[in-house]
Amino acid sequence: MWRVSDGDTTIYLLGSIHLLPPNIDWRTPLIDRAIATSDTLVLESSPEESVDFRAMAQGANLKPAGERVSPGKRLLLDAMIARSGIARETLDGYKDWALATTLATGDAIAAGATTRHGIEAKLWSDFKSTGKTRLAFYRAKEQLDQLDVLPEADQRKMLENTLSGKENYGETLRAWTSGDVASLEKTAECTPLEGKLVGQPNNRWAQWITTRMKQPGIVLVAVGLGHMAGPYALPKLLAARGLKVERIE
């Protein structure tokens, strides 16, 4: 967790994991204090919004998934499809971005992780129960729209990256629970695709935070952990704008 502050404004930045197993206790004294003192919560999107993922995911005249990946990654693709618990016939009809997104959550789902136990759902509920302001950077469909409009080459790169073995839910969870940002930095990439998926939203959010710093108050911003590491890390972008940014946990 990071703190951005000046004389009369504090904005906490919390790197979250969207899916968590029910047995993970992520609340710490510092997080509890940030929740208690903040008058506003900002998430990527509202947990209360729903979107028809399958309808957006389905494409037309697609080759089977196995024919869309490198030959050397087909065995891993088979294993990840099996872990996803979704019929192969269904996934064969998914666009590359949707297939990548679905496969990337397979390990998390196998570990019993759900969005219901994720940080965003818990925070949203806490702030709702106390009548505090809740905001979202995007509508839920907007996030998927950004993936859906990616060029075919970028979507294929997303899929290949998912099959690279770099994205490991267990390792990410371990790094997150231990505050090991250094491990996350090792897997972050400075590529055009990463610039679109991480850099563009982070720059947008950095502008929002910079503007919000002109108003007094305390705000808790919770976004995916991947936005907190690498060359496009949100704390780095804010520091580059001249804001006071401190890692506090």
Output yes when a side-chain donor or acceptor of [X] lies under 3.5 Å from a complementary backbone atom of [Y], and no otherwise.
| X | Y | answer |
| --- | --- | --- |
| Tyr169 | Leu19 | yes |
| Glu44 | Gly224 | yes |
| Thr9 | Ser5 | no |
| Thr28 | Ile31 | yes |
| Arg247 | Glu249 | yes |
| Asp96 | Leu159 | no |
| Ser125 | Lys122 | no |
| Trp176 | Gly15 | yes |

With a 4.0 Å cut-off on N to O distance, would you call [X] and [Y] a salt bridge?
| X | Y | result |
| --- | --- | --- |
| Asp92 | Arg68 | no |
| Lys132 | Asp39 | no |
| Arg174 | Glu171 | yes |

Under 4.5 Å between any side-chain heavy atoms of [X] and [Y], yes or no?
| X | Y | value |
| --- | --- | --- |
| Thr162 | Met80 | yes |
| Val198 | Asn202 | yes |
| Ile24 | Ile17 | no |
| Leu41 | Thr133 | no |
| Lys196 | Leu150 | yes |
| Lys244 | Leu238 | no |
| Phe53 | Thr102 | yes |
| Val219 | Ser38 | no |

Requested in this report: For side-chain hydrogen bond (donor to acceptor under 3.5 Å, both in side chains), just list the numbers for Glu49 and Ser45, CA-CA rounded to whole Å, side-chain angles, deciding distance to a tenth of an Å, and then say yes or no.
Outcome: CA-CA 8 Å; Glu49 284 190 359; Ser45 62; 6.0 Å; no

Report summary line: To the nearest 0.5 Å, atom OG1 of Thr10 lies from atom CD1 of Ile218 at 5.5 Å

**Report entry** Reported CG-to-CZ distance for the pair Asn203 and Arg241, which is rounded to 0.5 angstrom
**Finding:** 6.0 Å

Requested in this report: Please state whether the rings of Phe137 and Trp205 are parallel, tilted or perpendicular, taking 30° and 60° as the class boundaries.
Outcome: parallel

Query raised in the report: Does Arg204 CZ have over 12 foreign heavy atoms under 6.0 Å away?
Result: yes

Query raised in the report: Going through the distances and angles, do Ser70 and Glu160 end up as a side-chain hydrogen bond (donor to acceptor under 3.5 Å, both in side chains)?
Result: CA-CA 8 Å; Ser70 303; Glu160 290 282 337; 3.1 Å; yes

Report task. Please step through side-chain hydrogen bond (donor to acceptor under 3.5 Å, both in side chains) for the pair Thr115 and Glu120, ending with a clear verdict. Result -> CA-CA 8 Å; Thr115 55; Glu120 288 88 349; over 6 Å; no

